[in-house]
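Have a look at the structure below before the remarks.
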Protein chains: 2
Amino acid sequence: MTRERPVPEATVSRLPLYLRSLVELAETEGPVSSDALAEAAGVTPAKVRKDLSYLGSYGTRGRGYDAAYLIHQIRRELGLTQHWPILIAGIGNLGHALANYRGFGERGFRVAGLVDADGSKVGEIVAGLPIRPFDDLATVVRDERIAIGVIATPATAVQEVADRMVEAGLRSILNFAPAVVTVPEEVTVRKVDLAIELQILAYYEQRNAALREVRGSRAASGRS
Amino acid sequence: MTRERPVPEATVSRLPLYLRSLVELAETEGPVSSDALAEAAGVTPAKVRKDLSYLGSYGTRGRGYDAAYLIHQIRRELGLTQHWPILIAGIGNLGHALANYRGFGERGFRVAGLVDADGSKVGEIVAGLPIRPFDDLATVVRDERIAIGVIATPATAVQEVADRMVEAGLRSILNFAPAVVTVPEEVTVRKVDLAIELQILAYYEQRNAALREVRGSRAASGRS
DNA sequence: CAATGTGAAGACCTTCACAGCC
DNA sequence: GGCTGTGAAGGTCTTCACATTG
């Protein structure tokens, strides 16, 4: 009789944030209130309470939440009770940085495979792992029980890499390349496009600069 | 009489995606329909039309959109008619990769300054630029007319770096460090947390793996 | 009394479906 | 005829405000 829990997508995307904040807050003693957690995570207290309520009633009215217990519950919900082995395809600038990123190890992941199509890179050791040929992708996935694939190749290669990952059995892909990728519906893809983040910032920068301009000239001409 | 155009946030965050897709589609001749653009960008046609309608009526009924013209309009809306000079603080693994990322140059940005608090790195040339001391941040911002700051330092340094950026006059910050940053309300901060993206994927991976499990055993026991 | 947990209200976003126009 | 542009409907997410409870 598994309880059907439709945790909203928006909530899921904030759980990791709460987790990160709780790990910091857990240093200090005593229970953590939704206000304190909200402050640490940079969201509103109401959001914290509603989000956490989807996981169950893990707080104590009048006191707050026990940090250690909540951490455990969120980890369980996110599936972070185990360390997930990940594979990185494309060991260029970004792939290198990702392979060496300490944060993954501390937060539930282990870089367990590296592949690259460039033969001259094969064999090179990065972050303690040898780069293997692109054609070994399926073998690495099987041998290392890889669960999540990370694409850090040039945009042109994305679709082929994704196809191979799906073929090898991966059902979760994180795509850093600036291109849309098409996969069967049972596969989850998330994307991070660094230039797009900057472009969004540029929009607000431009918009606010224009506002500052207007306010500036208003002030100069003495109007309120 | 400047027309007040409240382009929704969700739309703003998709404009860069349309821009990227249009640049690809512009190779081929003829107008681009909302269906074609939707396909290329990985969204629904209705969304494309509604999003574009906030910018104005730039399409032609019965035909579609002129790619070149739309590209121009979206660039204008996003403020990408100029190349924005950006500064990267923290030239470790990730900072290096960002400094060398070709995509920025192609999509409206120019890495114009690098700073790092580690004295032993100062002077080193990365992507054709010398790393300068953290204390020169304000000077670099002024001299290079930096508009956007990128934080790629360890989490512990984030708040100090952000404070310095704000003090130096920056109003747009992209934060890659896994920590919340507090800034005055006139400053826009966007964040990218690589581990969080993986944690969100882990949630769906776990959830879907459980579903596959159930389906598998159902099939095995002969139920529909 | 203090802080959670939650219905209800409201804001925002997406999808529908079709009138309007080329 | 074909495709845009858009009101209206339908969802989802956020915020409010307060009853509930340790």
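Sequence lines set the chain letters: A, B, ... in the order given, protein chains first and strands last, and positions in each chain run from 1.
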- Item | side-chain hydrogen bond (donor to acceptor under 3.5 Å, both in side chains) partners of A:D66, counting only residues at least two apart | none
- Item | Five-pair end axes of the helix from C:dC1-D:dG22 to C:dC22-D:dG1, angle between them (10°) | 10°
- Taking only residues two or more places apart in sequence, or in another chain, which ones meet B:F104 in a ring pair (Phe, Tyr, Trp, His ring centres under 6.0 Å)? B:Y101
- Query: Of B:E39, B:R49, B:K47, which meets side chain to side chain donor-acceptor pair (under 3.5 Å) against B:S34?
  - Reply: B:R49
- Task: With the side chain counted from C-beta on, respond yes when A:I148 and A:L87 share a heavy-atom pair under 4.5 Å apart, and no when they do not.
- Result: no
- Task: Just grab all the salt bridge (charged side-chain N to carboxylate O under 4.0 Å, His left out) pairs involving residues 8-36 of chain B, residues at least two apart or on different chains.
- Result: A:D193-B:R20, B:R14-B:D51
- Under 4.0 Å protein heavy-atom contacts per nucleotide of nucleotides 8-17 of chain D, with B for base, S for backbone only and - for none: B----SSB-B
- Who are the side chain to side chain contact (heavy atoms under 4.5 Å, CB included) partners of B:R145, not counting sequence neighbours? none
Review item, side-chain donor-acceptor pairs of residues 175-185 of chain B, under 3.5 Å, at least two apart:
unit_1	atom_1	unit_2	atom_2	d
B:N175	OD1	B:A177	N	2.8
B:N175	ND2	B:A177	O	3.3
B:N175	ND2	B:A179	O	3.1

- A:R75-A:T81 side chain donor-acceptor pair, cut-off 3.5 Å: no
- Query: Can you list, by residue number, the residues of residues 16-36 of chain A that have a non-hydrogen atom closer than 4.0 angstrom to DNA chain C?
  - Reply: A:S33, A:S34
- Query: side-chain hydrogen bond (donor to acceptor under 3.5 Å, both in side chains) with A:S172: which residues, sequence neighbours excluded?
  - Reply: B:E205
- Query: What residues form a side-chain hydrogen bond (donor to acceptor under 3.5 Å, both in side chains) with A:Q73, not counting sequence neighbours?
  - Reply: A:Y58, A:Y69, A:R76
- Evaluate the side-chain proximity of B:E186 to A:N208: yes if any heavy-atom separation is below 4.5 Å, no if none is. no
- Mind calculating the distance between CG (B:L70) and P (D:dT4) to the nearest angstrom? 10 Å
What nitrogen or oxygen pairs link the protein and nucleotides 20-22 of chain D at under 3.5 Å?
unit_1	atom_1	unit_2	atom_2	d
D:dT20	O2	A:R61	NH1	2.7

- Should A:Y204 and B:R171 count as side-chain neighbours, where that means a heavy-atom distance under 4.5 Å? no
- Message: Taking side-chain hydrogen bond (donor to acceptor under 3.5 Å, both in side chains) as the cut-off, I'd like each qualifying pair that reaches into residues 155-167 of chain B, sequence neighbours left out, listed once.
- Response: B:D135-B:R164, B:Q159-B:D163
- Nucleotide D:dG5, atom C1' - distance to CG of B:L55 in whole Å: 13 Å
